[in-house]
Amino acid sequence: MNNLNLFDFKTFSDKCIGCGICKKICPFLEKYGVPSEIIKDESESVFLCSNCKACDRVCPESLKPSDALLCLKYRLIKKDKLSNKTKKAIEGARKYALTGHHLPFAFYPSTETAFWPGCSLQSSKPDLVKKIARTLKVGLVLDCCFDPLFHNGDIDPIAQATQRIKDRLNRHGIKRLILGCTNCKKIFSLYLPEIKAEHILEVIPETTKNPKNYSDLQNMFLHHPCPSYRFDFIRKNANEILKGFEVSESQSLPQCCGLGGAAHLLSEEMTDSYTERVLSLANGRTIATYCMGCKNRFQKKGVEAYHILELIFDTKPLKYPLSASKKWLNRFFLATGERLKSKKLLLALFLTLLISITTYLRKSGYIYPELFMDFIKHNRILAPLLFILIYMVGPSLFIPSLPLTVGAGFLWGPFWGVVYSITGATLGASLPFLLARYIFGNTIKDKLSHARWEALEEKVKIHGWKAVAFTRIVPIFPYPVLNYLFGITPIPFIHYLWSTFVFMLPACIAYVAFGSSMGELILKGNIKGIVIGILIASFALLIPLAIKPFFKKLFSENNE
């Protein structure tokens with residue numbers, strides 16, 4: 001779709017016999033003439049075409065009038081001879097897409113499978129979006145696929161945007177998408193075919209396929225969004241899911257709701273023409289559809305309408321179309337809520353709060369750090385031994401080790417803090433390993449998931465110490481659990497010991513550096529020290545980040 005400038009308009013016009021069949025099924029062509037005439041005149045009215053592709057289905061010469069009209073839009077944009085009204089509509093679509101494509105509305109989780117709801121669904125029903133992600137047990141991606149530009153023939157920015165989307169997916173390790181929008185399905189199939197992207201109606205769990213609480217809506221009209229006519233299986237699945245509802249056979253052709261292309265921005269009269277055709281087919285019945293944009297359009301005309309996913313996932317249906325400001329707020333709070341779930345962000349917020357509270361308490365005289373330091377000063381051997389002993393036993397009892405590591409930096413500074421904490425961490429990882437190997441091995445196998453430790457055992461057999469390195473850098477299990485699991489694998493203890501030491505060291509340095517800088521702040525009121533500590537910690541954490549791709553590639557290659 002990126003070579004629209006190479007479209008052969010002459011061949012198309014020569015083959016078009018001007019029969020007018022397409023005019024009978026399209027309000028745009030009915031008013032402005034057959035495609036060959038519009039192309040010949042290079043009529044700007046082409047931007048009122050919704051690109052629904054109904055004309056393709058009835059063309060007796062098997063031409064693709066919709067592609068020809070889309071290419072004309074592209075040509076007119078390139079010539080830059082459009083009216084200000086049309087330019088404004090095109091620019092509005094670009095701004096809409098770009099806004100949803102960047103902060104604060106865009107969000108990507110680090111997960112292999114994610115639900116991509118699409119702009120309209122996430123802005124109108126964020127509660128439904130969250131429920132779907134929970135039900136499917138997948139992450140949630142929030143972004144715009146740039147489809148509004150596609151309808152306008154504004155193709156070039158789409159190729160750039162989809163490349164950015166591809167990079168974002170790869171960066172977050174997302175290998176599979178479940179799409180909540182047929183327009184998004186269209187864009188992914190055209191521009192990102194290498195991405196596994198399935199429409200949600202393909203993957204609906206069997207237990208949710210039969211809506212139970214809508215027995216009073218049996219006489220419904222099922223409206224298929226225009227892009228679904230590119231994917232017969234989506235329409236088939238929609239019919240199957242709502243097989244108890246009446247479905248009109250007359251919708252064998254696409255019927256645009258009126259929001260396709262730029263018609264809704266350029267001509268309310270043309271938009272109404274599209275909408276009225278659907279409403280006439282519905283003949284007063286409640287409408288079910290699987291495009292939130294279509295649903296909103298029907299509701300604006302006073303028609304009762306439902307999104308299929310509202311019925312399937314049993315959420316309170318949206319009874320009226322929302323204002324633009326409410327939609328933006330929905331998107332903002334949805335993305336912000338997902339972002340706040342990030343452990344890294346929560347850790348950053350926690351540390352910021354901790355620094356602020358500590359600074360306030362020290363200035364107010366509530367903290368007397370001299371008491372801690374006095375004990376350390378007068379017990380130079382006992383204090384480190386007690387610390388290492390606590391650190392060694394802690395992981396076996398599933399006590400978090402992060403506060404201990406930060407505390408080591410606070411109490412002993414950056415050098416000895418690292419020595420004591422990495423010693424304690426290594427011993428703390430070794431003790432559960434030895435307990436699992438020589439005492440509790442069978443008990444642990446019975447308690448833990450067989451599949452989990454068996455998969456880890458297989459990786460250890462193939463990769464040896466690299467499996468330890470990988471799991472320390474990419475924690476697929478919590479550290480305390482991991483320590484016990486390695487004990488029931490065949491890895492030699494010495495290999496486990498040194499690889500644990502080496503690959504926990506960067507994170508240890510990072511947290512000790514932060515703890516040391518906190519000591520500078522609390523003991524000396526040194527704000528500069530906290531900045532230096534954070535910089536050192538950030539640099540130390542870059543080491544595992546830098547080598548993480550190597551280990552991921554190594555493991556993925558061996559799993560193929």
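Taken from CZ in Arg437 to OG1 in Thr489, the straight-line distance is 6.0 Å, to the nearest 0.5 Å. In this structure, the separation between NZ on Lys186 and OG on Ser228 is 11.0 Å, given to the nearest 0.5 Å. To the nearest 0.5 angstrom, Tyr484 atom OH is 13.0 Å from Phe433 atom CZ. Rounding to the nearest 0.5 Å gives a distance of 9.5 Å between CD1 of Ile200 and CG of Leu179. The CZ atom of Phe313 sits 15.5 Å away from atom NZ of Lys130, with the distance rounded to the nearest 0.5 Å. To the nearest 0.5 Å, atoms NZ (Lys196) and CD1 (Ile174) are separated by 14.5 Å.
Side-chain contact between Ser189 and Phe231: present, with at least one pair of heavy atoms (C-beta onward) separated by less than 4.5 Å. At a threshold of 4.5 Å between non-hydrogen side-chain atoms, the residues Arg331 and Thr99 do not count as touching. Side-chain contact between Val468 and Phe486 is present, with at least one heavy-atom pair separated by less than 4.5 Å. The side-chain heavy atoms of Lys125 and Met292, taken from C-beta on, include a pair separated by under 4.5 Å. Within the 4.5 Å cutoff, no side-chain heavy atoms of Thr111 are placed close to those of Val141. You'll find the side chain of Tyr391 reaches within 4.5 Å of the side chain of Thr405, heavy atoms only. Inter-residue side-chain proximity for Phe415 and Val512 is flagged as unmet; no heavy-atom pair is nearer than 4.5 Å. Between Phe188 and Ile165, some side-chain heavy-atom pair lies under the 4.5 Å cut-off.
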Leu334 vs Leu140, side-chain contact (heavy atoms from CB on, under 4.5 Å): CA-CA, chis, key distance, verdict: CA-CA 10 Å; Leu334 179 60; Leu140 180 59; 4.2 Å; yes
Using the side-chain contact (heavy atoms from CB on, under 4.5 Å) rule, take Tyr108 and Leu169 through it: C-alpha gap first, then chi angles, then the decisive distance, then the call. CA-CA 8 Å; Tyr108 282 72; Leu169 293 171; 3.6 Å; yes
Let me have the donor-acceptor pairs involving side chains of residues 113-122, under 3.5 Å, with sequence neighbours excluded, atom names and distances please.
residue, atom, partner, partner atom, Å
Ser120, OG, Gly293, N, 3.1

Please list every donor-acceptor pair under 3.5 Å in which a side-chain atom of residues 381-388 meets a protein atom from a residue at least two apart or in another chain.
none

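Considering all non-hydrogen atoms of both residues, Leu136 and Val203 come closest at CD2-O, 4.4 Å. Between Val418 and Cys508, the closest heavy-atom pair is O-SG, 4.1 Å. Listed here is the closest heavy atom pair of Ile422 and Val419: CG2-O, 3.5 Å. For the residue pair Gly428 and Pro432, the shortest heavy atom distance occurs at O-CD, 2.8 Å. Counting all heavy atoms, side chain and backbone alike, Phe107 lies closest to Pro109 at CE2-N, 3.8 Å. Nearest heavy atom pair, residue Phe233 against residue Lys185, reads CZ-CE, 4.0 Å.
Listed by chain and number, the residues in a side chain to side chain donor-acceptor pair (under 3.5 Å) with Arg230 amount to none (sequence neighbours excluded). Residues forming a salt bridge (charged side-chain N to carboxylate O under 4.0 Å, His left out) with Lys137 (at least two apart in sequence, or on another chain): none.
At distances below 3.5 Å, not a single donor-acceptor pair connects side-chain atoms of Asn330 with backbone N or O atoms of Pro126. Within the 3.5 Å criterion, the main-chain N or O of Leu201 finds a donor-acceptor partner in the side chain of His199.
Within the structure, every pair that satisfies the side-chain hydrogen bond (donor to acceptor under 3.5 Å, both in side chains) test and touches residues 159-170, not counting sequence neighbours, is listed here: His101-Arg164, His101-Arg168, Asp143-Arg168, Gln163-Asp167, Lys166-Glu194. Sorted by first then second residue, the side-chain hydrogen bond (donor to acceptor under 3.5 Å, both in side chains) pairs that include residues 494-504, not counting sequence neighbours, are Arg472-Tyr496, Arg472-Thr500, Asn483-Tyr496.
Salt-bridge formation is detected for the pair Arg176/Glu198: a Lys NZ or Arg NE/NH1/NH2 atom is positioned less than 4.0 Å from an Asp or Glu carboxylate oxygen.
Between Trp328 and Tyr96, the ring planes are tilted. Angles from 30° to 60° get that label.
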